[in-house]
2 protein chains.
Amino acid sequence: MKAPRDISNDLLESLRSLGLTKYEALVYIGLLRMTGATATEVHETSGVPRASVYPVLDRLVQKELVSVSHTTPKRFDAIPPGQGIENLMRRIENDAESARTALDRLYREKRPEARGSQELIWTIYGEENIRARLAGMFLSAERRVEMLVAQNLLREHVLALLEPVPDSVRVDIVTDTWKGEQPSRFRVRTHPLGAYPETHAPPGKGLRHESSGVFLVDDARALVWMGSSGEQPSALYSESAGLVQFVRRYLNSVTEWVAAAGQ
Amino acid sequence: MKAPRDISNDLLESLRSLGLTKYEALVYIGLLRMTGATATEVHETSGVPRASVYPVLDRLVQKELVSVSHTTPKRFDAIPPGQGIENLMRRIENDAESARTALDRLYREKRPEARGSQELIWTIYGEENIRARLAGMFLSAERRVEMLVAQNLLREHVLALLEPVPDSVRVDIVTDTWKGEQPSRFRVRTHPLGAYPETHAPPGKGLRHESSGVFLVDDARALVWMGSSGEQPSALYSESAGLVQFVRRYLNSVTEWVAAAGQ
DNA sequence: TAAATGTTGTTGTTAAAAAAACAACAAGGT
DNA sequence: ACCTTGTTGTTTTTTTAACAACAACATTTA
């Protein structure tokens, strides 16, 4: 192919994930700079081979990204980006909707937790997924929720999820700082988490508490939120006795430390 | 590939437009029926070759559609469809947003209507695009807006677009029926459009007025809305003297007919 | 006006890239 | 000794991209 000028690779990638091929993207981009261009002009400014330009334009018309004139030769015009992208998204959202419906049906047919998945430790990627799992944990709490969690993480992502927890469930929170009054609903204890001795960790490489947290529900379900700064966060979730016990001990020792520190 | 069971082709297509490959779709679908499956089990119920299952699962984890356990052998679990599809859509919407930003910049650099595009007749596909164009026409009206339009089309799609037209612009509407009182804002004339003699058309094949309409603004810009029933609608738009004159005459003769019919 | 030239729109073929399918094997567990 | 997991590399198929050739017109030029 000729020289498609200086089209950012990112843009092509974005358009591809909206369902366009490279050629379709290049033609549409080229067309945005022109008004009423002929196929040959499109070929020239987009760098797409002339013979390929015709089928590509046909597809773009089908996708409601360009309009055609009735002259000979035909002339083409781009639908403005706002409208055009909306047109693409409409199709995609339709697909998403029908896919969700179909998948939900399959999903509901699943035998409910046949095997003992309770011995496994799961890795969950992505903030949304972690939050969803946390919400589920909190929702299922019957007696007690405990957490050791950095203040920013708590405020931004966790606090809202505690809303549906009933009063009969005791909620213990250990965090680094707490602005404002103590909420009566929860037992909040503050402590400079960074100062907690990372026993077996080499200095400077200790677990970053910045965006991390440890959660335990009813001594039965544990989640460890590992927020690698900047990166996509991940978490461990488990109902296995092993991990739960480990988390249990960790929380105990931190709690003791906090108490001893004399707050 | 083995027998992927009875997976609807539509579903695979939908998932593809959300950025999944066939394999990714099959594995995810298969995984929805299981809980904590091993790679081999995934292979068995999805029909995807065992060796291919590993890279596919990796990608699905990246796309936040499945979670992995830390056991050996690894076990995999599907994120529930609602959450999973939301995860996919989030990425796509990000791409859409950044694409729109980038494209808008390019679009604005375009020299404003360099050539005389006013001689061309454009075909516009898709209801949204037609409505957008109509809205633009109405917005630019300085003296007069005339339309001959089926009642259903008028109510559902057109009336709302007339909102921003100032009082100084005269708006004439001819339609088949009009329930309720006459709006003082517009000059509405009703007429059973079907009865208008389709001069050169064979009976039964005359232009269906059901979802069609003719629009003229300031005697300068014309749009013909052709609503093929059920299909995607299309329209002609032009500022060319030829088409404008044709529409002008058509409106005139209909208006005369209506007047003669003695309303 | 007729020949020469050029452009548009089509069709068919080849090349490159991406996805799918298969083969083989080391590591570890039973 | 045997089976399973996870990994790697190779072949086949499908999809995109690139190229070649040509008929139908239209434009220029002699």
Side-chain angles (χ1 to χ4, degrees), chain A residues 1-5 7 9 12-13 15-31 34 36-63 66 68-77 115 119-120 123, chain B residues 1-5 7 9 12-13 15-31 34 36-63 65-66 68-77 119-120 123:
Chain A
M1 203 178 56
K2 300 286 272 311
R5 200 105 71 131
I7 305 294
N9 226 357
L12 291 182
E13 265 316 304
L15 288 175
R16 167 127 75 203
S17 97
L18 299 182
L20 301 194
T21 69
K22 195 173 176 181
Y23 275 8
E24 288 167 353
L26 288 174
V27 165
Y28 181 60
I29 293 172
L31 216 36
M34 305 181 266
T38 68
T40 300
E41 288 168 339
V42 170
H43 147 66
E44 282 162 354
T45 76
S46 69
V48 172
R50 196 179 62 87
S52 303
V53 136
Y54 292 93
V56 167
L57 281 169
D58 286 347
R59 278 178 274 155
L60 286 177
V61 169
Q62 272 320 97
K63 291 180 177 172
V66 321
V68 215
S69 83
H70 271 180
T71 54
T72 56
K74 288 180 186 169
R75 289 181 176 273
F76 301 88
D77 213 0
R115 179 198 348 263
E119 282 312 310
L120 305 179
T123 321
Chain B
M1 202 178 56
K2 300 288 270 310
R5 200 104 71 131
I7 305 295
N9 226 357
L12 291 181
E13 266 314 304
L15 288 175
R16 167 126 84 196
S17 98
L18 298 182
L20 301 193
T21 69
K22 195 173 176 182
Y23 276 8
E24 288 166 353
L26 288 174
V27 165
Y28 182 59
I29 292 172
L31 216 36
M34 306 180 266
T38 69
T40 299
E41 288 169 338
V42 170
H43 147 66
E44 282 162 355
T45 76
S46 70
V48 172
R50 196 180 61 87
S52 303
V53 136
Y54 294 92
V56 167
L57 281 169
D58 285 347
R59 279 177 273 154
L60 286 177
V61 169
Q62 271 320 97
K63 290 179 178 172
L65 285 181
V66 322
V68 215
S69 83
H70 271 181
T71 55
T72 58
K74 286 179 186 171
R75 289 182 176 273
F76 301 88
D77 212 359
E119 283 312 311
L120 304 179
T123 320

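So you know, we letter chains A, B, ... as the sequences are listed, proteins then strands, and number each from 1. From a predicted model like this one, the values you see are computed outputs, not experimental measurements.
Considering only residues two or more places apart in sequence or on other chains, Thr123(A) meets the side chain to side chain donor-acceptor pair (under 3.5 Å) condition with His70(B). Take Arg50(A) and apply the salt bridge (charged side-chain N to carboxylate O under 4.0 Å, His left out) test, not counting sequence neighbours, and it matches no residue.
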Mind listing the N/O atom pairs, protein and nucleotides 8-18 of chain C, below 3.5 Å?
residue : atom : partner  : partner atom : Å
dT8(C)  : OP1  : Thr40(A) : OG1          : 3.4
dT8(C)  : OP2  : Thr40(A) : OG1          : 2.3
dG9(C)  : OP1  : Lys74(A) : N            : 2.9
dG9(C)  : OP2  : Tyr54(A) : OH           : 3.4
dG9(C)  : N7   : Arg50(A) : NH1          : 2.9
dG9(C)  : O6   : Arg50(A) : NH2          : 2.9

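You'll find the side chain of Leu65(B) reaches within 4.5 Å of the side chain of Leu20(B), heavy atoms only.
Taking CZ from Arg75(B) and CE from Met34(B), the interatomic distance works out to 11.0 Å, rounded to the nearest 0.5 Å. Separating the CZ atom in Phe76(A) from the OH atom in Tyr54(A) is a distance of 7.5 Å, to the nearest 0.5 Å.
Atoms CG (Leu15(A)) and C1' (dT16(D)) sit 16 Å apart, rounded to a whole Å. With rounding to whole Å, Glu24(A) atom CD is found 14 Å from dT15(D) atom P. For the pair Leu57(A) CG and dA17(D) P, the computed distance is 14 Å after rounding to whole Å.
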